[in-house]
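The chains referred to below are lettered A, B, ... by the order of the sequence lines, with proteins before strands, and numbering in each begins at 1.
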Amino acid sequence: MTNQPLSAVKVLDLTWYISGPYCTKLLADYGAEVLKVERPGEGDPVRKMGPFFKDDPHPEKSGLFLYLNTNKKGITLDLKSSFGKNAIKELVKDADVLVESFSPGVMERLGLGYAELERINPRLVLTSISNFGQFGPYRDYKASELIIYGMGGAMNESGLPDREPLKKATGTPVLFSAGNMAALAVMIALYQAKAAGSGQQIDFSLMEAQLESVDRRMSQLLAYQYNNEITNRSDVRARPVYPAGLYPCKDGWWAITAIGVEWPAVGKMMGMPEITDDPRWSNMIAQVMPGHREEFMALFIPWCLEHTKKECVEAGQAAGANCGPINTMEEVLDDRHLKERGFWAEIEHPFTGKLTYPGRPFLAEDMPWSIRRPAPLLGQHNEEIYCGKLGYSKKNLVKLKETGCI
Amino acid sequence: MTRLPLEGIRVVELAVVWSGPYVCRLLGDWGAEVIKVESRQHFQFHTRGYMPKMPEFLVQQTVGYSTYKKLGYNPDTAHNTFTLFNGQASNKLSFTVDMRTPKGMDIFRRLIEVSDVLVENNSPRIKEKLGISWDVLKQWNPKLVMLSMPGFGGTGPYKDYRAFGVHMDNFVGHGHMSCYLDEEFDTESVVYHADEAGGIMGALAVMMALYQRLSTGKGQYIDLAQTEASACHLGQAIMDYTMNKRNTEKTGNRDYHGAVQGCYRCKDVRGKFAGGIEFTDSRINITITNDEEWQGFCRAMGNPTWTKDERFSTSLSRYQNHDELDRLIEEWTINYDNYCIMDRLQKEGVPAGPVMDEKDAYSDPHLRVRGFFNELTHPVCGTHLYPGIAWKMSKTPNHLKLPPPCLGEHNEYVYKQVIGVTDEEYAELVKEGHIGTDYIESIGFSL
């Protein structure tokens with residue numbers, strides 16, 4: 001497919017774990033030629049992270065690795081060896097982008113800092129992804145998804161007021177959105193590099209990316225500046241206006257928000273149009289008066305419990321309310337809307353056979369998303385790159401393997 | 001190279017609430033000229049506030065965080081002090097037009113003709129009602145990149161479904177996984193990933209299209225369903241289902257990949273929540289994934305005898321005895337300040353960090369050194385530090401330039417210099433009510 005937006009873009013990928021690989025996956029899925037460099041022997045540590053295909057903890061069967069590395073070619077290389085450093089310098093010559101997620105300072109210690117790489121290729125966009133950025137007091141601090149969410153994200157306001165703050169779901173969406181934003185940073189720098197002929201280094205910190213991106217976080221930071229007030233954890237069950245939250249129904253839970261201008265949808269949905277103009281609930285001021293919530297819930301909750309989540313959502317949407325089901329993954333995979341829009345991708349891999357993966361993140365006629373190859377096996381493209389591209393003989397390749405360089 | 005990368009790109013924002021405006025904020029931060037299309041005749045709920053001229057006593061009824069600037073509160077200008085808007089409206093311009101009239105639509109067409117990008121996240125039926133489908137817009141400007149990002153996308157059975165972040169997050173299974181281990185789902189957090197995912201992914205899609213346009217000279221239409229963009233961020237749980245038919249269940253603050261992980265109470269710090277409620281609280285997050293980090297952790301605590309207990313000797317046994325371990329850890333953390341614990345644990349190679357509230361963020365030494373907050377002066381709100389730009393680029397140093405715009409603040413610039421209306425035409429548009437800096441008195445909106 002030659003008409004993918006990034007099919008002329010070459011990316012050298014020195015990332016591992018989640019954010020960096022997700023950044024390069026997004027580029028690869030829209031056409032970029034991404035070469036992933038892994039440590040000889042073990043490879044990307046994500047290969048050791050679950051979930052594993054049929055719960056077999058094999059380095060080629062990590063679902064997380066398989067998902068994060070589609071469309072990439074993979075080689076192994078010891079960056080500490082002089083062979084390794086030279087190979088990177090060779091590969092950087094015709095790369096447009098290099099993405100790395102080492103601890104700050106590692107690239108410089110390897111002799112692969114931006115100053116050196118810029119000398120080799122002034123067009124190069126070097127993207128350095130790290131926990132806390134390339135400078136500052138926390139530069140060398142370690143982090144995890146939980147820690148990034150606590151320091152950058154909105155953890156302080158998540159959860160119940162009298163309990164510990166709560167993070168979002170495990171499964172690292174925080175690190176995925178950071179990788180997503182790093183891909184945006186790459187595209188912005190690449191856009192300029194194409195026009196101006198000059199690349200630059202991006203200093204991308206997971207903490208700042210969270211601080212800037214989490215839903216409403218910037219507004220809350222501003223609210224502190226404006227009013228000197230800290231956001232508290234609030235119990236959503238006690239919201240002053242309603243319905244706005246998650247409610248039980250016949251077969252599980254559903255969520256509805258129909259407040260203010262959307263209040264009339266509630267009576268319509270429940271087949272009780274008379275409640276729309278009931279003075280207890282017909283405006284937000286009345287709703288907050290003592291007792292009114294309980295009186296409403298005495299009508300509303302029984303209605304929910306008589307209907308399945310599908311029925312609740314269909315009735316709510318037909319009436320014009322913002323609402324939706326609380327789905328399990330099984331229900332997500334089975335959902336007719338995502339199926340009809342062709343969201344899912346079927347990907348064949350030598351160790352797992354054909355599996356369903358999350359597919360394209362957006363649709364655009366002239367920017368097709370496609371799977372050209374599954375995630376690479378460890379060192380799968382060594383021969384193609386070292387012999388085919390860099391000109392080493394097959395005999396050299398054996399030597400490199402024996403000495404642990406690849 | 002001091003020009004910002006996107007200087008010369010003009011973005012029209014016809015977006016509401018959070019995620020669509022966030023796309024434009026990301027582009028505006030890097031030099032694009034973002035023009036927000038607003039209307040004096042239609043008050044956008046949840047975007048410029050909850051109602052025009054919101055009464056002060058309702059502003060004081062705060063949930064979670066204060067959504068308006070309270071000091072010097074004035075109902076007449078309240079729409080310019082809404083934090084949900086101002087939080088992601090830096091580096092943007094605002095102009096007003098009534099698109100429901102033929103003349104207003106003509107103005108919108110002339111703006112589109114001289115722009116590069118249109119971002120909208122309205123329900124698909126709004127586009128139909130206004131008659132601004134891609135088929136129409138591409139004739140106005142074939143170089144236009146149009147991003148539409150409703151909750152469920154522009155096609156499919158749910159295309160007209162209305163949804164906020166909470167509904168999208170729960171639809172894609174995120175809500176089912178993010179909850180305290182021992183609570184029901186109705187206690188879930190009020191922070192939603194779908195807005196963040198849709199916003200970042202939308203900006204990425206726009207940049208890919210602009211990049212492609214450098215070669216093809218052609219614009220295009222992007223259909224982004226925020227639910228799909230956020231499902232892409234849940235690869236781990238989705239793969240577990242497709243590989244093992246297993247539904248990922250709630251994990252609280254814990255993690256599948258190791259123990260210990262948790263959020264622990266530290267020495268109390270006093271503070272004031274929105275609404276003036278006093279609190280005493282402070283917390284630290286700690287993650288330990290291997291023996292080396294566990295030993296570092298024990299050293300940092302001064303090797304208390306309980307750490308020698310066999311129940312905590314391996315990663316697996318720590319996982320199995322997580323509850324007991326949490327209790328013992330908190331007995332230690334409760335004596336110290338959370339920032340001190342971070343430094344002490346990090347020195348021993350243990351990942352740890354405070355749960356930061358807004359006050360912490362503004363006084364954080366790291367963010368200060370990195371220059372994350374930028375000072376801006378807003379004509380109504382005054383001078384404050386605004387959260388800055390998400391990443392740094394070596395050759396194009398950057399900081400926030402424009403404060404969030406007041407309603408219609410840039411009418412003169414946009415009408416006369418961007419769209420090119422004459423002085424006479426401008427006067428006429430003022431008379432007809434398109435141009436102004438407040439909402440039309442008769443605007444229909446009940447409490």
Side-chain angles (χ1 to χ4, degrees), chain A residues 5 51 53 63 67 136-138 141-142 144 146-147 150-151 154 156 158 164 168-171 173 176 180 184 187-188 192 200-201 203-204 212 215 218-227 229-232 234 246 253 283 322 324 326 328-329 332 337 340-341 356 358 361-364 366, chain B residues 5 64-66 69-70 83-84 87 156 158 162 167 170-171 173 177-178 185-186 189 191-192 195-196 200 204-205 207-208 212 220 222-224 229 232-233 235-237 239-243 247 251 263 273-274 285 287 346 351 353 355 357-358 366 369-370 384 387 390-392 394-395 447:
Chain A
F53 180 63
Y67 174 58
Y138 305 159
Y141 278 11
K142 289 170 124 182
S144 67
L146 175 71
I147 288 159
M151 293 178 75
N156 193 55
S158 307
E164 71 279 14
K168 292 298 284 181
T170 200
F176 274 87
N180 201 154
L184 171 65
M187 284 311 302
I188 288 176
Q192 188 174 32
Q200 53 181 325
Q201 183 177 13
D203 173 4
F204 190 93
E212 207 261 7
D215 182 20
M218 287 193 289
S219 307
Q220 292 162 344
L221 287 163
L222 205 52
Y224 176 73
Q225 280 282 303
Y226 282 1
N227 298 324
E229 288 177 338
I230 287 167
T231 310
N232 57 328
S234 58
L246 280 67
W253 291 80
N283 66 62
N322 285 280
I326 314 305
T328 63
M329 271 309 159
V332 175
H337 181 77
E340 245 178 67
R341 275 176 58 85
T356 302
F362 53 85
L363 278 165
D366 296 333
Chain B
Y65 70 106
S66 36
K69 185 169 191 290
K70 293 176 177 175
T83 59
L84 202 67
Y158 307 160
R162 296 161 197 262
H167 311 112
N170 282 301
F171 171 77
M177 306 185 284
S178 50
F185 292 117
D186 57 358
S189 88
V191 179
Y192 306 110
D195 294 271
E196 169 185 352
I200 300 169
L204 177 67
M207 281 315 302
M208 282 188 185
Q212 192 173 35
Q220 62 184 303
I222 301 159
D223 168 15
L224 184 145
C232 286
H233 288 189
Q236 193 171 19
M239 295 299 286
D240 202 11
Y241 188 77
T242 65
M243 294 189 310
N247 280 313
T251 48
C263 178
F273 282 143
N285 284 325
T287 301
Q346 289 281 0
V355 177
D357 63 24
E358 292 84 356
H366 185 75
V369 167
R370 289 184 62 83
H384 297 283
W391 66 85
K392 300 184 187 306
S394 60
K395 290 183 191 164
L447 281 177

Sub-4.5 Å side-chain heavy-atom contact between [X] and [Y]:
X        : Y        : value
B:His233 : A:Asn180 : yes
B:Met239 : A:Pro358 : yes
A:Tyr67  : B:Thr242 : no

Short side-chain to backbone donor-acceptor contact, [X] and [Y], under 3.5 Å:
X        : Y        : value
A:Gln200 : B:Lys395 : yes
B:Glu358 : A:Leu222 : no
A:Lys142 : B:Thr287 : no

*Using non-hydrogen atoms only, which part of B:Thr251 is less than 4.5 Å away from chain A: side chain, backbone, both, or neither?*
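For B:Thr251, side-chain heavy atoms alone lie under 4.5 Å from chain A.
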
*Could you tell me which portion of B:Asp240 (side chain, backbone, both or neither) has an atom closer than 4.5 angstrom to a non-hydrogen atom of chain A?*
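Both parts, backbone and side chain.
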
*Could you go step by step and tell me if B:Tyr241 and A:Thr328 meet the side-chain contact (heavy atoms from CB on, under 4.5 Å) rule?*
CA-CA 10 Å; B:Tyr241 188 77; A:Thr328 63; over 6 Å; no

*Going from CG on B:Asp357 to CD on A:Gln220, what distance comes out if it is rounded to the nearest 0.5 angstrom?*
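It comes to 11.0 Å.
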
*Nearest-0.5 Å distance, CG of residue B:Asn285 to CD1 of residue A:Ile147*: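 Going from CG on B:Asn285 over to CD1 on A:Ile147, the span is 6.5 Å.
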
*For the pair B:Lys70 and A:Glu229, evaluate side-chain contact (heavy atoms from CB on, under 4.5 Å) and give the outcome as yes or no after the intermediate values.*
CA-CA 10 Å; B:Lys70 293 176 177 175; A:Glu229 288 177 338; 3.1 Å; yes

*Could you check which of B:Val355, B:Asp186, B:Val369 has the highest count of heavy-atom pairs closer than 4.5 Å to chain A?*
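The residue among B:Val355, B:Asp186, B:Val369 with the greatest pair count is B:Asp186.
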
*asked:* Which label fits A:His337 and B:Tyr158: parallel for a plane angle under 30°, tilted from 30 to 60°, or perpendicular past 60°?
replied: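 A:His337 and B:Tyr158: parallel rings.
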
